[in-house]
2 protein chains.
Amino acid sequence: MPRDAVITYSIKELASDFMVTARTLRHYEEQGLLSPGRQGQNRVYTIKDRARLSWILRGKRVGFSLTEIGDMLDLYNLGDGRETQVAVTKKLCRDRIDALQRQMKDIKDTIEELEGFCEEVDSLVKKKNGEWIIDG
Amino acid sequence: MPRDAVITYSIKELASDFMVTARTLRHYEEQGLLSPGRQGQNRVYTIKDRARLSWILRGKRVGFSLTEIGDMLDLYNLGDGRETQVAVTKKLCRDRIDALQRQMKDIKDTIEELEGFCEEVDSLVKKKNGEWIIDG
DNA sequence: TTTCGAATTGACGTTAACGTCAACGTTAAG
DNA sequence: CTTAACGTTGACGTTAACGTCAATTCGAAA
């Protein structure tokens, strides 16, 4: 019987929802990336924490370090009415975007090279068909 | 007065050409990614080593580990007339490509989110112009 | 009440990709 | 000959991002 109708999650729930371990969530908290509430001694995660975690994990997938992700999350806390360093913020954003675009190009090139390599293998197989040994 | 007209590079030359340290090249050799010739005790790198190094570094840029890069380089040593596991090879290639394409999507999404964020900041600045403090 | 499951806080272990340092050999110049 | 620049091989240090384990605590179920 919930006192308030606020949806929350235990550490294990949130962890398994995102396919990470509880240790990971605690680690993110140690690094200041998450700051869930407490219910006594236990951590309680809200929908906002879910959103943050989602961001963190995508940041990771695209190659950011936790520190960088922390910086980016801080940027999201702009607009809170306090005086903020907008110029710095925008520069960080732009730098990120530039880096990501360079990374995309690198990946594109690599994909093309890999595809070319696949074709090479294909033609080799067609040419020397029968001479190749394909086993485990 | 070169005995042979083969272009070679010292470890420092190759390193500075690619903006890495000599230690890095030795490390790659320890991991079996490079295997330069020797001139007495010293390493001599050829144009082929340059090509391999170039591959290695792009692999790194797109987020591969050295071990993975080693595997990929091994794939390039196909077609040497020996019996080879073509099916396995092609699967590895395809897996790589798939992973890279997923990574591209992630990056694209992130770029879009960052751009959206930038615009948010812009509009905030326009709206509350004057109230923001932009200093160092 | 005992026991179980799920949580907590330390605190040390691990892997990857080098950095860094020590101790040493080899030319080439002054 | 001495110094300098460049090379070599160990071998230990470092950072990041957790893994892993021990010792506890707490609330609920049997």
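Nothing here was measured: the structure is a model prediction, and the numbers come from that model. Lettering follows sequence order; numbering is per chain, from 1.
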When rounded to whole Å, the CD to P distance for the pair A:Glu13 and C:dA6 reads 11 Å

Provide, to the nearest angstrom, the distance between the CG atom belonging to A:Leu66 and the C1' atom belonging to D:dT15. 12 Å

DNA chain D: 5'-proximal contact among B:Glu29 and A:Lys60 (nearest heavy atom): B:Glu29

If you draw a 6.0 Å radius around CD in B:Gln39, do more than 12 non-hydrogen atoms from other residues or ligands fall strictly inside? no

Could you please name the option among C:dT8, C:dC18, D:dA17 that lies closest to any side-chain atom of B:His27? C:dC18

Which listed nucleotide (D:dC6, D:dT8, C:dC18) is nearest to the side chain of B:Arg23? C:dC18

Quick check against the 3.5 Å criterion: does A:Thr110 have a side-chain atom that pairs as donor or acceptor with the backbone of A:Asp106? yes

In whole angstroms, how far is the C1' atom of C:dT8 from the CG atom of A:Leu25? 14 Å

Compare side-chain N and O positions of A:Thr21 against OP1 and OP2 of D:dG19 and report whether any pair is under 4.0 Å apart. yes

Heavy-atom closest pair (B:Pro36 atom, B:Val44 atom, distance to 0.1 Å) is CB-O, 3.4 Å

Have a look at B:Tyr45 and tell me which of B:Thr8, B:Asp17, B:Ile11, B:Leu53 forms a side-chain contact (heavy atoms from CB on, under 4.5 Å) with it. B:Ile11

Nearest whole Å is fine: how far is D:dC18 P from A:Ile11 CD1? 13 Å

Let me confirm one number: the OG1-CZ distance from B:Thr46 to B:Arg52, rounded to the nearest 0.5 Å. 10.0 Å

In Å, rounded to the nearest 0.5 Å, how long is the span from OG of A:Ser10 to CG of A:Leu14? 8.0 Å

At under 4.0 Å between heavy atoms, how does the protein contact nucleotides 22-27 of chain C? Give one character per nucleotide, 5' to 3', with B, S or -. ------

For atom CE of B:Met19 and atom C1' of C:dC18, their distance in whole Å: 17 Å

Is there a side-chain contact between B:Leu100 and A:Leu114 in this structure, where contact means two heavy atoms from C-beta onward sitting under 4.5 Å apart? yes

Would you mind telling me which residue lines up with the more 5' stretch of DNA chain C, A:Lys12 or B:Tyr28, judged by nearest nucleotide? A:Lys12

Rounded interatomic separation in angstrom, taking CD from B:Gln39 and C1' from D:dG7: 12 Å

Nearest whole angstrom, please: distance from the P of C:dA16 to the CD of B:Glu68. 11 Å

Between P on D:dA11 and CZ on B:Arg26, what's the gap in Å once rounded to a whole number? 16 Å

What's the closest nucleotide to the side chain of B:Thr24 if the choices are C:dA17, D:dG7, C:dG19? C:dG19

